[in-house]
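Worksheet: one structure, shown below.
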2 protein chains.
Amino acid sequence: MPTIEDIAKEAGVSTATVSRVINNSGYVSERTKLRVWHAIKKIGYTPKESARVLAKHKKTYRIAICISERIQKLSQQDNVGQFYGVVVESIRRSSTACGMYPELKLMETVENEYDGYILIGADADLNILKKFRSMKKPFVLVDHYIPGQVIDCIISDGYDGAYYAVSYLIKKGLTRIVHIHAPLNAYGFRSRYDGYLAAMEHGGLMPKTYEYDDIANNMPSVVEMMLRTYGLPHAIFTSNDIAAIRVITELKKRGIRVPEDVSVIGFDDIAWAETFDPPLTTLRVFKDEMGVLACNRLRDLIMGINPHPVRISLFTRFIKRKSSI
Amino acid sequence: MPTIEDIAKEAGVSTATVSRVINNSGYVSERTKLRVWHAIKKIGYTPKESARVLAKHKKTYRIAICISERIQKLSQQDNVGQFYGVVVESIRRSSTACGMYPELKLMETVENEYDGYILIGADADLNILKKFRSMKKPFVLVDHYIPGQVIDCIISDGYDGAYYAVSYLIKKGLTRIVHIHAPLNAYGFRSRYDGYLAAMEHGGLMPKTYEYDDIANNMPSVVEMMLRTYGLPHAIFTSNDIAAIRVITELKKRGIRVPEDVSVIGFDDIAWAETFDPPLTTLRVFKDEMGVLACNRLRDLIMGINPHPVRISLFTRFIKRKSSI
DNA sequence: CCCCCTTATGTAAGCGCTTACATTCTTCCA
DNA sequence: TGGAAGAATGTAAGCGCTTACATAAGGGGG
């Protein structure tokens with residue numbers, strides 16, 4: 001594997017000159033440039049990314065991890081923030097591994113004084129986006145994607161997971177499967193919803209969905225509504241684990257047993273899911289990986305590597321526990 | 001930004017020992033391990049990825065770039081292979097930048113003697129996949145994705161681009177917009193098809209699609225069929241540039257002018273697109289970036305970094321030229 | 001003709017980590 | 001109780017690149 005030294009030797013110059021040619025920096029005569037490019041072509045050399053990064057990294061970049069005020073409040077209040085807490089923690093760790101120094105900020109108020117930004121969650125709407133675009137600094141969205149918008153983002157694809165889980169229930173012989181979901185303006189929830197629909201259609205079953213808008217207070221009435229208008233389903237698939245837990249709590253109050261009377265499947269695999277009674281069957285979202293990928297991507301963006309926008313979707317994993325058949 | 005040396009100092013050991021603790025290798029007493037972990041926690045240290053990669057990289061990995069026999073034949077025959085040629089070239093360059101040594105192979109016959117594999121194109125079907133899974137070596141798919149399959153892949157999302165292009169035509173006042181497409185078993189073409197459908201639906205227009213199965217010989221009859229059953233549309237959106245070029249050629253033969261009589265939009269932005277007469281309006285697929293991302297991903301996989309599967313979708317860019325309004 | 005500025009190139013010191021090798025300290029059995 | 005084997009730790013040489021600094025050569029104004 002050729003190194004810069006091989007090129008230097010071949011071209012009869014020093015490694016410094018080769019580096020200058022490659023980076024198009026400093027003074028190099030045209031004649032020398034040509035000789036170096038020839039040597040590079042001839043030997044088939046490409047500089048190693050890791051060595052460049054290491055050598056260049058005198059400066060550590062300052063980045064802002066941005067959450068919304070809403071999320072911040074929720075995360076103080078109760079377990080809703082669990083999900084984002086894990087993501088933030090992962091970003092924190094990973095960003096220093098990428099040579100970036102992170103600070104936690106609110107996306108509504110953060111100033112244009114960082115080298116890059118990571119925006120977490122669906123509250124990063126078009127307005128917020130506009131603000132960040134106008135700052136002319138690289139940023140990546142985590143756990144959110146706005147169809148039609150060209151932005152770097154890291155998401156966990158709900159479609160595949162939802163499709164898999166619902167298909168699993170169908171394969172077990174269940175037919176009356178309900179989806180209780182969050183508002184669909186967030187792509188994450190939308191894709192889970194779509195996956196549910198696709199699986200039901202593929203199984204030749206009638207889908208039935210109920211939406212809640214306030215996860216903290218809405219669940220009793222949603223469950224009530226479902227029981228009144230639809231009766232007891234064979235299974236309930238929810239947008240996320242918190243919703244699943246709330247639903248199960250409501251069912252328990254009414255003496256309905258999980259999973260004997262009805263299977264419940266959540267989404268996310270938050271820490272609670274495993275210790276809840278019954279332990280929750282769910283789809284694991286790899287929150288750590290999301291953070292790591294976000295940092296890597298932002299680092300690339302800041303350094304100008306692979307600047308073309310991408311959407312990175314993590315696959316989820318079905319975790320079978322006791323809350324479902 | 002803390003380094004391994006800071007930890008060593010804090011814990012009162014050498015950097016070698018810290019490294020051993022981090023990598024859980026060699027001999028370290030429990031007592032020392034504990035001290036080191038404490039120091040790491042206290043200082044908030046995370047090892048820099050690039051330094052590790054550089055230091056570890058004594059060995060260069062051998063990888064195989066795999067295409068199908070079909071693609072290989074096509075690429076010799078004419079411009080159909082243009083697309084894949086660019087991708088392969090990019091992978092070649094980029095893989096050596098990642099410290100990997102690439103060889104070009106056929107996916108049907110390649111042996112299990114490489115450290116990793118890059119499979120290009122939609123011919124990597126479930127059978128091929130099974131073979132590669134059984135080899136127990138990391139691999140990534142390029143320009144292909146099989147819904148429901150958990151595999152690392154790099155794709156160019158056709159949905160957004162198609163949606164954008166068709167919406168553009170609609171915004172210009174066109175209503176009779178036809179999609180001429182390749183077989184839909186390949187995800188790439190399927191997503192372009194879906195994007196077309198979505199845009200038409202959103203615009204309240206009747207979609208009309210025609211499928212060809214042999215891009216080299218089918219086009220005259222497809223165009224013939226379209227003109228007979230549908231008449232002359234306002235615009236034709238095709239699955240890819242080659243198809244667009246063939247379609248335009250057919251139209252020209254009949255004295256139909258592009259774009260005066262009908263707009264044509266392709267997909268891919270192959271080299272030909274710009275020099276064709278008329279220059280093709282199209283959606284640029286960032287083929288170079290696909291190669292780069294594939295190599296980065298494979299390198300990570302081989303080194304065991306971020307081992308959880310992801311799907312990376314590149315956005316496309318609308319390139320307005322003369323073949324359309 | 002000398003000085004200084006600009007251009008062109010080389011030298012070598014890191015960047016932060018891993019690891020081969022050297023060294024020291026324990027065991028424990030002949 | 002000597003010493004060999006094994007365990008624990010340290011030393012220092014890289015990995016492949018960038019870049020500050022040193023050096024050298026050409027060129028124009030006083």
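Numbers restart at 1 for each chain; the letters A, B, ... are given by sequence-line order, proteins then strands.
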(message) On the nucleotide D:dC15, are OP1 or OP2 found under 4.0 Å from the side-chain N or O atoms that A:Thr3 carries?
(response) no
(request) Only pairs at least two apart or in different chains count here, so list each salt bridge (Lys or Arg N to Asp or Glu O under 4.0 Å) that has a residue in residues 86-107 of chain B. (result) B:Arg62-B:Glu103, B:Glu89-B:Arg92
(request) Strictly below 4.0 Å, heavy-atom distances to any atom of DNA chain C: list the hits from residues 297-304 of chain B, or just say none. (result) none
(request) Only counting residues at least two apart or in another chain, list the ones meeting salt bridge (charged side-chain N to carboxylate O under 4.0 Å, His left out) with B:Arg35. (result) none
(message) Between P on C:dA8 and NZ on A:Lys33, what's the gap in Å once rounded to a whole number?
(response) 9 Å
Table of protein N/O atoms under 3.5 Å from nucleotides 4-7 of chain D N/O atoms:
| from | atom 1 | to | atom 2 | distance (Å) |
| --- | --- | --- | --- | --- |
| D:dA7 | OP2 | B:Tyr27 | OH | 2.4 |

(request) Kindly calculate the angle separating the two end axes of the helix from C:dC1-D:dG30 to C:dA30-D:dT1, each obtained from five base pairs, and round it to 10 degrees. (result) 50°
What pairs of nitrogen or oxygen atoms, one from the protein and one from nucleotides 19-25 of chain D, lie under 3.5 Å apart?
none

(message) How close do B:Ile7 and B:Val18 get, counting heavy atoms only, and between which atoms?
(response) CG2-CG1, 3.9 Å
(request) Could you note down all residue pairs passing side-chain hydrogen bond (donor to acceptor under 3.5 Å, both in side chains) where residues 134-143 of chain A supplies at least one of them, sequence neighbours left out? (result) A:Tyr84-A:Asp143, A:Asn112-A:Lys137
(message) Could you check whether B:Thr46 and A:Thr96, counting side-chain N and O atoms only, form a donor-acceptor pair closer than 3.5 Å?
(response) yes
(message) Please list all pairs meeting salt bridge (Lys or Arg N to Asp or Glu O under 4.0 Å) that have one or both residues in residues 305-316 of chain B, counting only residues at least two apart or in different chains.
(response) A:Asp157-B:Arg311, A:Asp160-B:Arg311
(message) Go through it in stages, so that I can follow the logic: the residues are B:Tyr117 and B:Phe132, the test is ring-ring contact (aromatic ring centres under 6.0 Å, His included), and I'd like the CA-CA distance, side-chain angles, deciding distance and then a yes or no.
(response) CA-CA 9 Å; B:Tyr117 298 83; B:Phe132 279 89; 5.3 Å; yes
(message) For DNA chain D, which residues of residues 37-54 of chain B approach it to below 4.0 angstrom with any heavy atom?
(response) B:Leu54
(request) Identify whether any heavy atom of A:Gly99 sits under 4.0 Å from a base atom; if not, whether one sits that close to sugar-phosphate; answer base, sugar-phosphate or nothing. (result) nothing
(request) For the pair A:Phe315 and B:Tyr145, name the ring-plane relationship: parallel under 30°, tilted 30 to 60°, perpendicular over 60°. (result) tilted
(message) Quick one: does any side-chain atom of B:Glu108 pair with a main-chain N or O of B:Glu69 as donor and acceptor, under 3.5 Å?
(response) yes
(message) For residues 3-22 of chain A, which residue pairs pass the salt bridge (Lys or Arg N to Asp or Glu O under 4.0 Å) check, not counting sequence neighbours?
(response) A:Glu10-A:Lys42
(request) Could you tell me the separation between the NZ atom of A:Lys9 and the P atom of D:dG16, rounded to a whole number of Å? (result) 12 Å
(request) To the nearest Å, give me how far apart CD (A:Glu5) and C1' (D:dC17) are. (result) 10 Å
(message) From CE of B:Met1 over to P of C:dG14, roughly how many Å is that when rounded to an integer?
(response) 21 Å
(request) Figure out the CZ/P separation between B:Arg31 and C:dC25, and round it to whole Å. (result) 14 Å
(message) Less than 3.5 Å apart, any donor N or O on the side chain of A:Asp269 or A:Thr282 sitting next to an acceptor on the other?
(response) no
(request) Give the minimum heavy-atom separation between A:Arg297 and A:Val140, together with the two atoms involved. (result) CG-CG1, 4.3 Å
(message) Checking B:Glu30 now: which residues fulfil salt bridge (charged side-chain N to carboxylate O under 4.0 Å, His left out) with it, not counting sequence neighbours?
(response) B:Lys33
(request) For A:Asp123, check salt bridge (charged side-chain N to carboxylate O under 4.0 Å, His left out) against everything at least two apart and list the hits. (result) A:Arg70
(message) Between C1' on D:dC15 and CD1 on B:Ile4, what's the gap in Å once rounded to a whole number?
(response) 15 Å
(request) Locate the shortest heavy-atom distance separating B:Leu314 from B:Met290; write the atom from each residue and the value. (result) CD1-CG, 3.3 Å
(message) Looking at every non-hydrogen atom in both residues, tell me the closest pair between B:Ser14 and B:Ala8 and how far apart they are.
(response) C-CB, 3.7 Å
